[in-house]
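Heads up: the structure comes next, in structure tokens.
Computed from a predicted model, the values in this text were never measured in an experiment. Note on naming: letters A, B, ... go to the chains in the order of the sequence lines (proteins, then strands), and numbering restarts at 1 for each one.
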There are 2 protein chains.
Amino acid sequence: MHLPDMSSLSPTARVILGLLAWQSRTGYEIKQVTDRSTRFFWGASYGQIYPELRRLEDAGLVDSREEPRGRVPRRVYSLTEAGRRAVDGWLAEVDESYEIRDEGLLKLFFGDLVPPEQLLDLVGRRRVWYQETAALFRGIGDELDELDETSGTVLRYGIELMEWNAAWWADLEQRLS
Amino acid sequence: MHLPDMSSLSPTARVILGLLAWQSRTGYEIKQVTDRSTRFFWGASYGQIYPELRRLEDAGLVDSREEPRGRVPRRVYSLTEAGRRAVDGWLAEVDESYEIRDEGLLKLFFGDLVPPEQLLDLVGRRRVWYQETAALFRGIGDELDELDETSGTVLRYGIELMEWNAAWWADLEQRLS
DNA sequence: GGAGGCATGTAACCGGTTACATGATTTA
DNA sequence: TAAATCATGTAACCGGTTACATGCCTCC
């Protein structure tokens, strides 16, 4: 067991520890939950989750017990007290990263290089994509009942951000045509 | 000289080629320009730029000539015709990636784990950050004169997005207090 | 003379995705 | 019985950041 170095908590580790602070879960379940909730602003893949769970257990921030379903092996992870302290420590840090990677915006940036109708096509596609994503998020919200909690607030952020974007690109589309 | 494989144009390569489509530049200048324009939705570091320029030259998408300033070595890169075709090809693709990594949102997601005043503090910090970033972008806009071009439109997007965020977090702040 | 900007580059590291591999169980 | 879902994991690869290293030139 190594010293838990809180300053080096990787992004994926933060998501995992946060989710485990609510309840114990398997790696598979963690993936499920992130796909339905944090995916759009903080995703996680199996290739990260399973090795990370090992590292976290190694560091003493989580522990696990085997809970097979029939003959299907299954390992449930729980937050330790040290893990809980690590989560609290991270939540108390006063620095939050923010990053966007938007290829549509990059293409718009270089929009002067293409004929107007191609640019208009791009803008229209983006508008549609934002509308569809907003609808997708609304659908997730309809299945949820915990919209009053902070996790619900984040979903609302997602919906409203997508709607804002849909409106912005629709506006640009109109001005270009 | 290798075959230029357009389908494998890395994100950084796209930014570089796009900028070179406007005018020839050194690696240093490319960094300058991205820092003032695409940085907030598509950044680039020296550690990427210089090796990428080499690879692009190897692939025949750019070429370069030495243009030292006094005894300071300096290499100016230009887009070749194959490079221009690669840019046009990329711009014509109908698929654009979109990604957000927002640690503030992640903390809000787990907001139920912390005392209300700590959550309020986080929300306030985020609101301030968006306000400041909006102001920063507006400052960049004031120095620019090409606000009618598509690159100017992208800056406007940045400003308005930051303003929308500032308003959203301010609203949440008010409801929490 | 010193600070800051111009200019180029590399090495180590890191976080993440994708594809692959395996097998049990449940559902249509 | 076939497909989908549950469940775990690894290896190869990739794109990117950070820190480091070097040296000239200009302006205060």
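Atom CZ in B/Arg101 sits roughly 17 Å away from atom P in C/dC14 (whole-Å rounding). In this structure, A/Glu29 places its CD atom 14 Å from P of D/dG9, rounding to the nearest Å. The interatomic distance linking A/Arg25 (CZ) with D/dC6 (P) rounds to 15 Å, in whole Å. Computed from coordinates, the A/Glu66 CD to C/dA24 C1' distance equals 15 Å when rounded to whole Å. Atom CH2 in B/Trp42 sits roughly 11 Å away from atom C1' in D/dG15 (whole-Å rounding). Whole-Å rounding puts the A/Tyr46 OH to C/dA21 P distance at 18 Å. Atom CD of B/Glu57 is separated from atom P of C/dT8 by 13 Å (rounded to the nearest Å). Between the C1' atom of C/dG15 and the CZ atom of A/Arg14 lies a distance of 11 Å, rounded to the nearest Å.
At a threshold of 4.0 Å, the pair A/Arg138-A/Asp142 does not count as salt-bridged, since none of the basic side-chain nitrogens sits closer than that to a carboxylate oxygen. Using a cutoff of 4.0 Å between basic side-chain nitrogens and carboxylate oxygens, B/Asp35 and B/Lys31 are scored as salt-bridged. Look at B/Arg55 and B/Glu52 and you find a salt bridge, because one of the NZ, NE, NH1 or NH2 atoms lies within 4.0 Å of a carboxylate O, short of that distance.
In terms of phosphate contacts, A/Tyr50 brings a side-chain nitrogen or oxygen within less than 4.0 Å of OP1 or OP2 of D/dT8. For D/dG15, the OP1/OP2 oxygens have no side-chain nitrogen or oxygen of B/Gln48 closer than 4.0 Å. Phosphate contact (OP1/OP2 of C/dG16, side-chain N/O of A/Thr12, threshold under 4.0 Å): present. For A/Ser45, no side-chain nitrogen or oxygen approaches OP1 or OP2 of C/dG16 to under 4.0 Å. For the pair B/Arg69 and C/dC6, the criterion of a side-chain N or O lying under 4.0 Å from OP1 or OP2 is not met. Look at B/Tyr28 and you'll find a side-chain N or O under 4.0 angstrom from OP1 or OP2 of C/dC6. For the OP1/OP2 pair of D/dA7 and a distance below 4.0 Å, the side-chain nitrogens and oxygens of A/Thr26 include no atom meeting the criterion. Regarding contacts with the backbone of D/dC24, every side-chain N or O of B/Arg74 stays at 4.0 angstrom or more from both OP1 and OP2. Side-chain nitrogen and oxygen atoms of B/Arg75 include none within less than 4.0 Å of the OP1 or OP2 phosphate oxygen of C/dT8.
Distance from the side chain of B/Val72 is smallest for C/dA7 among the nucleotides C/dA7, D/dG15, C/dG15.
Nearest-nucleotide mapping onto DNA chain C: of A/Pro11 and B/Pro73, the residue sitting toward the 5' end is B/Pro73. Mapped onto DNA chain C by nearest heavy atom, B/Gln32 and A/Ala44 fall at different nucleotides, with B/Gln32 at the one closer to the 5' end.
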Chi angles and distances behind the salt bridge (Lys or Arg N to Asp or Glu O under 4.0 Å) call for A/Asp88, A/Arg84: CA-CA 6 Å; A/Asp88 290 341; A/Arg84 177 65 210 216; 3.2 Å; yes
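Screening residues 15-28 of chain B for side-chain hydrogen bond (donor to acceptor under 3.5 Å, both in side chains) gives B/Ser24-B/Ser78 as the qualifying pairs, with residues at least two apart or on separate chains.
Using a 4.0 Å heavy-atom cutoff across all strands shown, B/Gly47 reaches at least one base atom of the nucleic acid.
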